Every structure is written in C-alpha cells, then in structure tokens.
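Here's the structure we're looking at; comments come further down.
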Amino acid sequence: MDPARPPTIADAVRCLRQGGLVAFPTETVYGLGADALNPDAVELVFQTKGRPPANPLIVHAADPEMAQTCAAEWPRDATVLADAFWPGPLTLVVPRAPNLPARVTAEGPTVALRCPDHPVALDLIRAFGGPLVGPSANPSGDVSPTEADHVRRAFPPETVMVLDGGPCRGGIESTVVLLDGLTRKVLRPGLISAEQLAHALHRHVEPFSPAKAALPGPLASPGLLDRHYAPKAPAWRFSPDQWPDVLDRLLDEDGVAVVLTQSPRSLPSPHARIVMPTDARNYAARLYAALREADATGPAWIAVEWPPTGVESDPIWDAVGDRLRRATAPFE
Ligand code: AMP
Ligand code: MG
C-alpha cells in the first residue's frame with residue numbers, strides 16, 4: 001500500500017483478515033476495530049490499548065441479524081430496542097454466544113453489542129462480513145478520540161490503519177444497557193437516555209447511578225481518580241459559585257491554566273479560556289476535542305466549569321457529567 005494514499009475499505013478488510021487493527025469512525029467516537037472472532041486480533045486490541053483485561057469490549061455489527069450471531073439469547077427487549085435505536089449510540093448487553101473469544105467479554109457470560117450509525121463503519125463491517133470489536137481508539141485511560149488525527153497521534157501507522165471519516169458528531173461513548181431477561185439497567189449513560197429506552201419498551205429502565213459521585217468528600221488529587229477519559233494535566237471541575245476561588249488560584253499560582261467555561265468569563269493573563277457550547281448535544285460533541293486542545297498547550301492545570309444542568313434539563317447532561325466526573329476531580 002502507498003503510504004501517501006488514504007486506506008480504502010478494501011485495504012482495511014485485508015488488514016482485518018490478517019488479524020490487524022483498523023480504526024474507524026462512528027457517530028460516537030473512533031473505534032479500534034479488529035475481527036471479533038479472532039482471539040489473537042482481540043488480544044492485540046488489549047495490548048495496543050494497554051486495556052485492563054477485566055474491561056470487556058463492545059462488538060460492532062452491521063445489523064441486528066449479525067449482532068444476534070454473537071448472542072446466546074436475544075430477549076424481546078433487544079428486538080424492540082434494536083428496532084427503535086439501531087443503527088445508533090446504544091449498546092445492548094445480552095447473554096454471549098459460545099463461539100466468541102472469552103477475552104471479548106472479559107471472560108463474562110454477557111456480550112455488549114451495537115450497530116453504529118456511520119456510513120464508513122457500516123461499509124467496513126459489511127465488507128468484512130462479520131462482527132468487529134471496537135473499543136475507543138485511544139490508549140486505555142486517555143481521552144477518547146473524536147477525530148482521525150487523535151488516533152494517528154496515539155498509535156504508529158504500522159500498528160493501526162486509520163479510516164478518516166471526519167469529526168464524530170456524537171462525541172461521547174454509547175449508552176450501555178443491560179438486558180438479561182429480567183433487568184433493564186443503564187450501565188453507562190450516553191446520548192440515549194433511560195427515559196427514551198423506557199418509552200420504547202413500555203417498561204421501567206433503571207437509570208445509571210454514578211457510584212463515584214456517591215463517594216464521601218472530594219478526592220485529594222486528580223491522580224487518585226479512577227483515570228478514564230482523562231487529560232494528562234491535572235484537571236478540576238468547579239461549579240459556577242466556586243468561580244471566585246478558581247480566580248484566586250489563577251491569580252496566585254505560577255504556570256498557565258486553561259479554563260473550559262460556558263460563560264463569557266474574562267480570565268487574568270496568561271491563562272487561556274475555551275468557550276464551551278451551552279446546549280447538551282453540542283457540549284458532548286465538543287468535550288473530548290476541547291480537553292485535548294487544553295492538554296496540548298501543556299498547561300499547569302485545567303479547570304472545567306460544571307455545566308448548568310439546572311438551566312436546561314436535557315438527560316445528555318447526565319452522560320456529560322459522567323465523563324467529566326471521570327476526567328476531573330472536584331475543585332476545592
Ligand atoms: P469502550 O469500548 O472503551 O467504549 O468501553 C466499553 C464499555 O462497555 C466497558 O467499559 C463497559 O462499560 C461496557 N461493556 C462492554 N461489555 C460489557 C458487558 N459484557 N457487560 C457490561 N458492560 C459491558
Ligand atoms: Mg474507551
């Protein structure tokens with residue numbers, strides 16, 4: 001392959017058939033694709049990402065029929081939700097088929113399945129003719145990639161082939177819902193809310209409960225946080241009423257900070273500001289790119305103003321809040 005020529009779907013399929021890795025765009029973030037039925041390829045995904053083996057992978061299918069080949073059972077709830085939301089940012093967790101490599105599901109009895117709503121992802125899966133694992137295409141713990149360049153900067157071209165589909169329009173990872181026949185429970189919040197799922201199912205869906213938020217007291221440092229979606233610089237989140245304290249620290253401390261804010265606050269020099277969208281959907285689409293832009297300046301620290309979820313009650317704020325809780329520590 002000519003290294004100057006962008007890879008085609010045919011190049012990508014060849015790479016996947018040889019057990020290689022292909023990053024592909026989805027409507028949420030870029031995925032690190034590999035043949036879901038090839039145990040060595042799956043192993044390579046874990047190694048390349050530095051992903052803890054206990055963290056299972058999401059399997060991407062072109063349609064519900066392909067998804068069902070990975071499931072031992074396909075509950076009625078899965079049919080209803082796939083009809084209502086696929087292709088789209090919804091991952092269904094169902095009992096796994098025995099032919100899947102055990103590493104895909106972290107040895108567990110269930111598999112996470114989704115059908116991504118992106119023409120490049122769908123073309124790739126169809127041309128390959130089988131399901132692909134597709135965790136976010138970033139080293140484990142880092143901010144997820146929402147542009148092809150984010151992936152190219154993270155992995156050498158001989159390790160990961162990158163299909164460029166431009167920026168991802170969703171910007172945060174899919175909603176994950178557990179369907180085990182009895183339970184319907186959101187395991188990870190995303191762009192599709194528990195209320196939307198309940199509406200489609202005509203049944204209660206247990207919303208996501210942020211266990212981290214229930215921890216007593218603020219963590220001493222961002223370094224102590226269960227690092228996920230996290231920038232390299234120490235990152236704090238603050239509420240609008242904490243602004244005077246943030247300002248004090250900006251004035252007192254050496255080094256340059258970057259503040260992500262939705263309000264037109266003026267910052268003392270030499271600190272930098274990134275203005276964030278005020279509506280939840282655009283905020284989510286912008287979040288990871290903004291964290292990367294902040295990090296790229298090599299700041300002493302990053303501060304993120306907690307979005308005014310009270311102003312506009314959009315359930316997408318719950319998903320944004322979840323990612324921010326993992327990316328930052330509370331300002332104190
Ligand atoms: P990522 O691929 O980086 O978006 O992360 C995939 C996430 O999907 C995991 O961290 C889990 O939260 C969730 N997940 C994947 N497989 C399962 C499963 N079998 N059961 C529960 N959650 C899962
Ligand atoms: Mg990830």
Side-chain angles (χ1 to χ4, degrees), residues 21-34 36 42 44-61 67 70-75 78 88-98 100-116 118 121 131-146 150-151 154-155 160 168 170-181 183-192 205-206 208-212 226-231 284 287-288 291-292 319 322-323 325-327:
L21 307 182
V22 174
F24 60 94
T26 79
E27 81 281 31
T28 61
V29 304
Y30 273 75
L32 188 60
V42 171
L44 188 59
V45 168
F46 277 92
Q47 275 171 20
T48 305
K49 279 181 62 79
R51 186 175 178 100
N55 195 357
L57 303 176
I58 295 176
V59 177
H60 292 64
C70 302
E73 272 169 56
W74 194 248
L90 177 67
T91 297
L92 306 179
V93 176
V94 297
R96 58 163 283 195
L100 272 186
R103 288 280 264 153
V104 171
T105 67
E107 320 277 332
T110 56
V111 60
L113 294 161
R114 104 172 178 99
C115 178
H118 195 290
L132 300 177
V133 292
S136 52
N138 54 289
S140 188
D142 286 7
V143 176
S144 298
T146 54
H150 299 163
V151 186
F155 303 109
V160 178
C168 302
I172 56 173
E173 298 80 357
S174 59
T175 303
V176 178
V177 63
L178 171 67
L179 304 173
D180 63 4
T183 327
R184 293 158 216 92
K185 182 178 178 186
V186 173
L187 302 177
R188 177 173 75 183
L191 297 177
I192 296 174
V205 175
E206 202 180 312
F208 174 73
S209 68
K212 283 282 174 322
D226 167 21
R227 225 180 92 89
H228 212 129
Y229 317 113
L287 176 62
Y288 290 150
L291 286 174
R292 283 169 182 272
D322 170 67
R323 305 314 188 273
R325 262 192 298 276
R326 293 173 204 259

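Every number for a ligand or one of its atoms is a count from 1 in the order of the listing. Small disclaimer: the values here were computed from a predicted structure and weren't measured. Atom set for the values below is all heavy atoms of this structure, side chains included, hydrogens, waters and symmetry mates excluded.
The closest approach between Arg51 and ligand 1 falls below 4.0 Å for a heavy atom of the residue.
Taking every non-hydrogen atom of Ser136 and a distance limit under 4.0 Å, the qualifying atoms of ligand 1 come out as 2 (O), 3 (O). Ligand 1 places these atoms under 4.0 Å from at least one heavy atom of Ile58: 6 (C), 8 (O). Atom numbering of ligand 1 starts at 1 in the shown order; those under 4.0 Å from a heavy atom of Asn55 are 9 (C), 10 (O). Near Arg188, meaning under 4.0 Å from any of its heavy atoms, are these atoms of ligand 1: 1 (P), 4 (O), 5 (O), 6 (C), 7 (C). The ligand atoms of ligand 1 that sit less than 4.0 angstrom from a heavy atom of Ala112 are 15 (C), 16 (N), 17 (C). Close contacts between ligand 1 and Pro135 involve ligand atoms 2 (O) [criterion: under 4.0 Å to a heavy atom].
No part of Lys49 comes within 4.0 Å of ligand 1, judged by heavy-atom distances. Under 4.0 Å from ligand 1, the heavy atoms of Leu187 that appear belong solely to its side chain. Heavy atoms of Thr110 found under 4.0 angstrom from ligand 1 belong to the backbone as well as the side chain.
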- Verify side-chain contact (heavy atoms from CB on, under 4.5 Å) between Leu191 and Ile172, making sure each step is shown before the conclusion. CA-CA 8 Å; Leu191 297 177; Ile172 56 173; 4.0 Å; yes

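Side-chain atoms of Arg51 come within 3.5 Å of backbone atoms of Pro56 as a donor-acceptor pair (strictly under, hydrogens ignored).
The salt bridge (Lys or Arg N to Asp or Glu O under 4.0 Å) search around Arg188 returns none, not counting sequence neighbours. Remark: Arg292 engages no residue in a salt bridge (Lys or Arg N to Asp or Glu O under 4.0 Å) (not counting sequence neighbours).
The pair Glu173-Arg114 does not meet the salt-bridge criterion, since no charged nitrogen lies less than 4.0 angstrom from a carboxylate oxygen.
For Tyr288 and His150, the distance between ring centers is not under 6.0 angstrom.
Here the options are Thr26, Val29, Thr91, the test is side-chain contact (heavy atoms from CB on, under 4.5 Å), and the partner is Ser174; only Thr91 passes.
Within the coordination shell of the Mg ion (ligand 2), defined by N, O or S atoms under 2.8 Å, Ser144 is absent.
Within a 6.0 Å radius of NZ in Lys49, other residues, nucleotides and ligands contribute more than 12 heavy atoms.
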